[in-house]
Amino acid sequence: MSTQTLPAQNQKATEVVSYDPGTGQEIGRAPLSSPEEVREAVGKARRAQPGWAGLSYHQRARVILQTRKLMLAERDELALLISRETGKPVAEAISMEIVPTLDAMHYFAHAAEDLLRPQKIDIGQYGLMGRSSSIVFRPLGVIGIISPWNFPLATPADEVVMALMAGNAVVLKPSELTPLISLKLGDIFTRAGLPPGLLNIATGDGSTGRALIDARVDKIMFTGSVATGKRVAEAAAKYLTPVVLELGGKDPMIVLEDADLENAARAAVWGAFANSGQACASVERCYVQESIAPKFIEQVLAETRALKQGLGTDTDVDVGAMSNENQLQIVADHVNDAKQRGAKVLAGGQRGSNRAGWFYEPTVLTNVDHNMTIMRDETFGPVLPVMTFTTEDEAIKLANDSIYGLTASVWTKNIAKGRRIAERIEAGTVMVNEVVYTHGIAQTPWGGIKDSGYGRTHGRMGLLELVHPQHIHVNRLSFLPDLWWFRYSAQATRLFSGLASHFTTGSLVRTSWLLPQMARRLFGPRR
Ligand code: NAD
């Protein structure tokens, strides 16, 4: 493919161009939104939001469920578009994008009211003083979503649904590599009856993302690379705009000798090569216990060799093209670095040469170590480096030897042991006998630690990122002055000192020793 066709070449234009990574052919264009247009979109969202927030959860859910209905009816067309714009197999467009999105729509439409129900707080002895406290969850206003290209439907759509159900309006800035899917998402919402202004799609590149931050939305939900995440956090800090950062990963898979070997091998292959390895939770490092390593690697190779690579639109293809040339080059660099440092290539190890698009062969490496880029930096491509270990402690140490902490997995038939090890691994999610897929569970929180970012999306924790918890405190005894109000005196100081030693223990009995002094202060003159 000639470099003239790379999207980066078009970024100075007024449009972003969308390419089919499997063929290199242009499939459509979208506007490169200017800062002015982004500001207008945020303004529109701000004007529309109060009306939307004034609706009941039930009314908002009706629009989400109607959107879901249309998406379900149009899933084949949508899957084809996803496959063409990303290169992924249609099967993955459905299983890894459309299914989780429909599930999230169903879940949040039905559960948001319950998850955001006002909560009473137990305030201890203050309750006996006629006080009560509760939390109400209020929408933030306008949520800016900046999303990547690897799951161009599921990643932003879930966040759009959560933000809307929480009563917010949204401006979505999709990746410049996959603008058409977001435009399609916006179109489905519009046809489902979402009132104007509530979901605005600002297509464009990094400059458009930057403009969205500068337009002073109320929160930025960012998903993308660590480098960009840091830039986003820095830009948002100028306005004190809160940010959720869902960044990269270098996710480890630990296979213990008592694991179901056959399934662990299949999981490793799917976890490393699904979506051409371009998932933030892809298996990027595999650690297998020495005693079972030869057998495990043999099974991994058999599975890998059986995979069919090709155009994602062919239904029997397992591994599609990578999304873009830059990403493919990173993968090639990592593999070359590993080879130069002594890694053995047991499968793949090169660009898929027989095609026009951005294909990299599913690659299995052994003889790898932590001095190699392939075990340190996010590869984000179809590469499975396998390293051996002897003890559990060693495996945990290797898994934690990373700047990232998104997900990890432990494979063992001994669930208690799996849980024990899971709790020692530094990651936002640790799966026992599973890989990758929990982003697809709407109910569970998603997010990382260390350089994988902060904040959460999905589940109740994700929903709470999109609201502001407002504390409402009520004093029913409004006719009584508080003990701690003016005026002060030696007597008052003695009472406060008594409060320090008795009230703060939480013991009613001990506090009651102060009742005479309290009554004098409440009902008598204060001097
Ligand atoms: P990227 O960081 O290059 O781009 C992400 C988005 O940020 C794009 O929409 C881009 O246009 C925008 N952007 C770029 N510069 C910007 C700036 N200065 N200000 C504001 N916005 C800007 O990431 P990518 O290459 O699109 O995606 C791949 C990365 O995303 C990988 O590192 C992957 O691990 C990560 N990812 C993480 C998760 C997760 O949930 N943790 C999920 C998917 C992908």
Side-chain angles (χ1 to χ4, degrees), residues 7-8 11 16 30 32-33 35 38 85-86 96-97 100 144-159 171-179 181-182 201-215 217 220-238 241 243-251 275-284 322-331 377-381 403-407 427-429 436-440 444-458 462:
Q11 288 179 4
V16 284
L32 196 154
S33 310
V38 172
E85 207 172 31
T86 61
M96 295 177 86
E97 298 235 46
I145 299 176
I146 302 177
S147 61
W149 42 262
N150 61 334
F151 289 99
L153 177 75
T155 299
D158 292 2
E159 288 174 2
V171 179
L172 163 62
K173 207 302 278 176
S175 166
E176 53 273 45
L177 300 184
T178 52
I181 294 156
S182 284
I201 317 288
T203 51
D205 58 13
S207 67
T208 316
R210 178 61 208 248
L212 183 55
I213 300 167
D214 288 334
V217 290
I220 291 283
M221 301 291 287
F222 174 81
T223 308
S225 61
V226 175
T228 312
K230 286 181 180 171
R231 281 197 287 275
V232 165
E234 205 180 321
K238 191 170 146 199
T241 304
V243 195
V244 165
L245 296 177
E246 301 290 350
L247 309 179
K250 189 74 195 167
D251 296 1
N275 216 37
S276 263
Q278 301 164 117
C280 46
S282 286
V283 173
E284 291 239 347
M322 296 196 60
S323 174
N324 62 88
E325 174 79 38
N326 286 348
Q327 196 55 51
L328 191 147
Q329 197 49 53
I330 293 171
V331 175
D377 294 356
E378 186 181 45
T379 305
F380 222 55
I403 57 165
Y404 294 102
L406 188 57
T407 82
T429 295
V436 181
Y437 91 113
T438 64
H439 187 271
T444 54
W446 180 263
I449 59 170
K450 305 204 265 186
D451 274 12
S452 291
Y454 48 74
R456 292 294 179 263
T457 181
H458 291 183

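Numbering of residues begins at 1 and proceeds along the displayed sequence. Note that ligands are numbered from 1 as they come in the structure, with each ligand's atoms numbered from 1 the same way.
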**Q** Quick one: look up the protein heavy atom nearest atom 8 (C) of ligand 1 and list residue, atom name and how far away it is.
**A** Ser147 O, 3.4 Å
**Q** Between Asp205 and ligand 1, which part of the residue brings a heavy atom under 4.0 Å of the ligand: side chain, backbone, both or neither?
**A** backbone
**Q** For ligand 1, which part of Leu177 has a heavy atom less than 4.0 Å away: the side chain, the backbone, both, or neither?
**A** neither
**Q** Please confirm whether Phe151 comes under 4.0 Å of ligand 1, counting heavy atoms of the residue only.
**A** no
**Q** Mark the output for Ile146 as yes if a heavy-atom distance to ligand 1 is under 4.0 Å, and as no if none is.
**A** yes
**Q** Looking at non-hydrogen atoms alone, which of Ile330, Leu245, Leu247, Thr155 comes nearest to atom 41 (N) of ligand 1?
**A** Leu247
**Q** Checking a contact table here: which protein heavy atom is nearest atom 39 (C) of ligand 1, and how many Å away?
**A** Cys280 SG, 3.2 Å
**Q** So, Asn275 side chain and Gly277 main chain: donor-acceptor pair closer than 3.5 Å or not?
**A** no
**Q** Looking only at protein heavy atoms, which one is nearest to atom 25 (O) of ligand 1, and what is the separation?
**A** Trp149 NE1, 2.8 Å
**Q** What distance do Ser147 atom OG and Asp158 atom CG have between them, rounded to the nearest 0.5 Å?
**A** 11.0 Å
**Q** I'd like the name of whichever of Pro152, Gly224, Ala227 reaches closest to atom 29 (C) of ligand 1 through any heavy atom.
**A** Gly224
**Q** Test side-chain hydrogen bond (donor to acceptor under 3.5 Å, both in side chains) on Thr379 and Lys250 and set out the steps.
**A** CA-CA 8 Å; Thr379 305; Lys250 189 74 195 167; 3.0 Å; yes
**Q** Do me a favour and list the nearest non-hydrogen protein atom to atom 18 (N) of ligand 1 with residue, atom name and distance?
**A** Arg231 NE, 4.0 Å
**Q** Would you confirm whether the ring centroid of Trp149 sits within less than 6.0 angstrom of the ring centroid of Phe380?
**A** yes
**Q** I'd like to know if the side chain of Ser282 and the backbone of Ala279 have a donor-acceptor N/O pair within less than 3.5 Å.
**A** yes
**Q** With a cut-off of 4.0 Å, which atoms of ligand 1 are near a heavy atom of Phe222?
**A** 2 (O), 5 (C), 6 (C), 7 (O)
**Q** Please tell me if the side chains of Leu32 and Thr208 come closer than 4.5 Å, counting only heavy atoms from C-beta onward.
**A** yes
**Q** Do Ser452 and Lys450 have side-chain heavy atoms sitting under 4.5 Å apart?
**A** no
**Q** Where the side chain of Lys173 meets the backbone of Ile145, is there a donor-acceptor pair that is under 3.5 Å apart?
**A** no
**Q** To the nearest 0.1 Å, how far is atom 32 (O) of ligand 1 from its closest protein heavy atom, and which atom is that?
**A** Glu378 OE1, 2.6 Å
**Q** Can any side-chain N or O of Asp251 pair as donor or acceptor with the backbone N or O of Thr407 at less than 3.5 Å?
**A** yes
**Q** Go through ligand 1 atom by atom and flag the ones less than 4.0 Å from a non-hydrogen atom of Pro174.
**A** 9 (O)
**Q** Looking at Glu97 and Leu153, would you say the former's side chain and the latter's main chain have a donor-acceptor pair under 3.5 Å?
**A** yes
**Q** I want to confirm something. Looking only at heavy atoms, which of Arg210, Lys173, His458 is nearest to atom 11 (O) of ligand 1?
**A** Lys173
**Q** Got the closest protein heavy atom to atom 17 (C) of ligand 1, with its distance?
**A** Gly206 O, 3.7 Å
**Q** Does Gln278 use its side chain to pair, donor to acceptor, with the backbone of Ser323 at less than 3.5 Å?
**A** yes
**Q** Quick one: which of Leu247, Leu212, Val243 gives a side chain to side chain contact (heavy atoms under 4.5 Å, CB included) with Val232?
**A** Val243
**Q** Checking the N or O distance criterion of under 3.5 Å, is ligand 1 in contact with Ser225?
**A** yes
**Q** Do the side chain of His439 and the main chain of Trp446 share a donor and acceptor less than 3.5 angstrom apart?
**A** no
**Q** Going by distance only, is there an N or O of Thr228 that falls short of 3.5 Å from an N or O of ligand 1?
**A** yes
**Q** What's the shortest distance from atom 5 (C) of ligand 1 to any protein heavy atom, and which residue and atom give it?
**A** Thr223 O, 3.7 Å
**Q** Looking at ligand 1, is there an atom of it that comes within less than 4.0 Å of some heavy atom belonging to Ala235?
**A** no
**Q** What is the closest protein heavy atom to atom 21 (N) of ligand 1, and at what distance does it sit?
**A** Gly209 CA, 3.6 Å
**Q** Heavy atoms only, cut-off 4.0 Å: how does Ser207 contact ligand 1, side chain, backbone, both, or neither?
**A** neither
